[in-house]
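What follows is a single structure, written as structure tokens, with notes after it.
In this chain, residues are counted from 1 in sequence order.
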Amino acid sequence: ITNFESVVLLNDNKKPYYISPPVFDKNNPYEIRLRFSEEITGSMTVKVTQPVGSYNYEIGNTVTTSGNDVIITLNGQPSNNTYLRIDILDNKIVDVSGNQVSPMNNQLGLVVMY
């Protein structure tokens with residue numbers, strides 16, 4: 001028997017996926033985090049609304065990525081004990097190998113408690 005060595009080049013083709021639910025940290029009431037299964041990059045555009053009486057108030061935001069998280073930084077602090085609706089308008093999140101995120105709901109929600 002003769003020893004044999006070879007280099008096999010592997011390509012990551014597994015899509016990252018969203019791990020629900022959205023996370024609101026009461027110690028940082030201006031942030032909502034969406035966690036994914038692996039390190040991600042790319043961009044996402046969202047619309048965040050909070051019901052105020054019969055009106056849905058839109059909260060401006062900025063979206064960034066860090067590690068496994070999409071971080072939605074709100075321009076204003078939402079009211080305590082209210083429901084926030086997150087509509088994903090554009091999702092260009094990919095993993096570090098360029099694999100597009102697996103399909104996910106375009107509408108998410110969470111209750112704010114601080």
Out of curiosity, does I88 fall in the hydrophobic cluster containing V94 (side-chain heavy atoms, cut-off under 4.5 Å, transitive links)?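 V94 does not cluster with I88.
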
Transitively linked via ILVMFWY side-chain contacts under 4.5 Å: M104 with I72?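 Same hydrophobic cluster.
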
When Ile, Leu, Val, Met, Phe, Trp and Tyr are grouped by side-chain heavy atoms lying under 4.5 Å apart, directly or through other members, which residues fall in the same group as [X]?
X	result
L9	V7
V111	Y83, M113
L89	none

Roughly how far, to the nearest 0.5 Å, is [atom2] of [Y] from [atom1] of [X]?
X	Y	atom1	atom2	answer
I93	L34	CD1	CG	8.5 Å
Y18	N91	OH	CG	11.5 Å
I59	R85	CD1	CZ	13.0 Å
N61	I86	CG	CD1	9.0 Å

What closest approach, in Å, do L108 and P22 show between heavy atoms, and which atom pair accounts for it?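 In this case the closest contact between L108 and P22 is CB-CG, 4.1 Å.
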
On a heavy-atom basis, which atom in I71 and which in S66 lie closest, and how many Å separate them?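 Scanning both residues, the minimum pair turns out to be CD1-CB, 3.8 Å.
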
F24: partners by ring pair (Phe, Tyr, Trp, His ring centres under 6.0 Å), with sequence neighbours left out: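 F24 satisfies ring pair (Phe, Tyr, Trp, His ring centres under 6.0 Å) with no other residue.
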
Please list, one pair per line, the donor and acceptor atoms closer than 3.5 Å that link side chains of residues 36-51 to other protein atoms, with sequence neighbours excluded.
unit_1	atom_1	unit_2	atom_2	d
S37	OG	Y17	N	3.0
Q50	OE1	S79	N	3.1
Q50	NE2	S79	OG	3.1

Using the side-chain contact (heavy atoms from CB on, under 4.5 Å) rule, pick out the option among V112, L110, T73 that qualifies with I32.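 One option only clears the test, and that one is L110.
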
Is there any side-chain hydrogen bond (donor to acceptor under 3.5 Å, both in side chains) pair reaching into residues 105-114, and which pairs are they, with sequence neighbours excluded?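 Sorted result for residues 105-114: Q77-Y114, D87-Q107.
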
Residues which pass side-chain hydrogen bond (donor to acceptor under 3.5 Å, both in side chains) with [X], listed by chain and number, not counting sequence neighbours:
X	result
N56	none
D90	K92
N99	D95

Would you list the pairs meeting salt bridge (charged side-chain N to carboxylate O under 4.0 Å, His left out) in which at least one residue belongs to [range], sequence neighbours left out?
range	result
residues 11-28	none
residues 65-78	R33-D69, R35-D69
residues 101-114	none

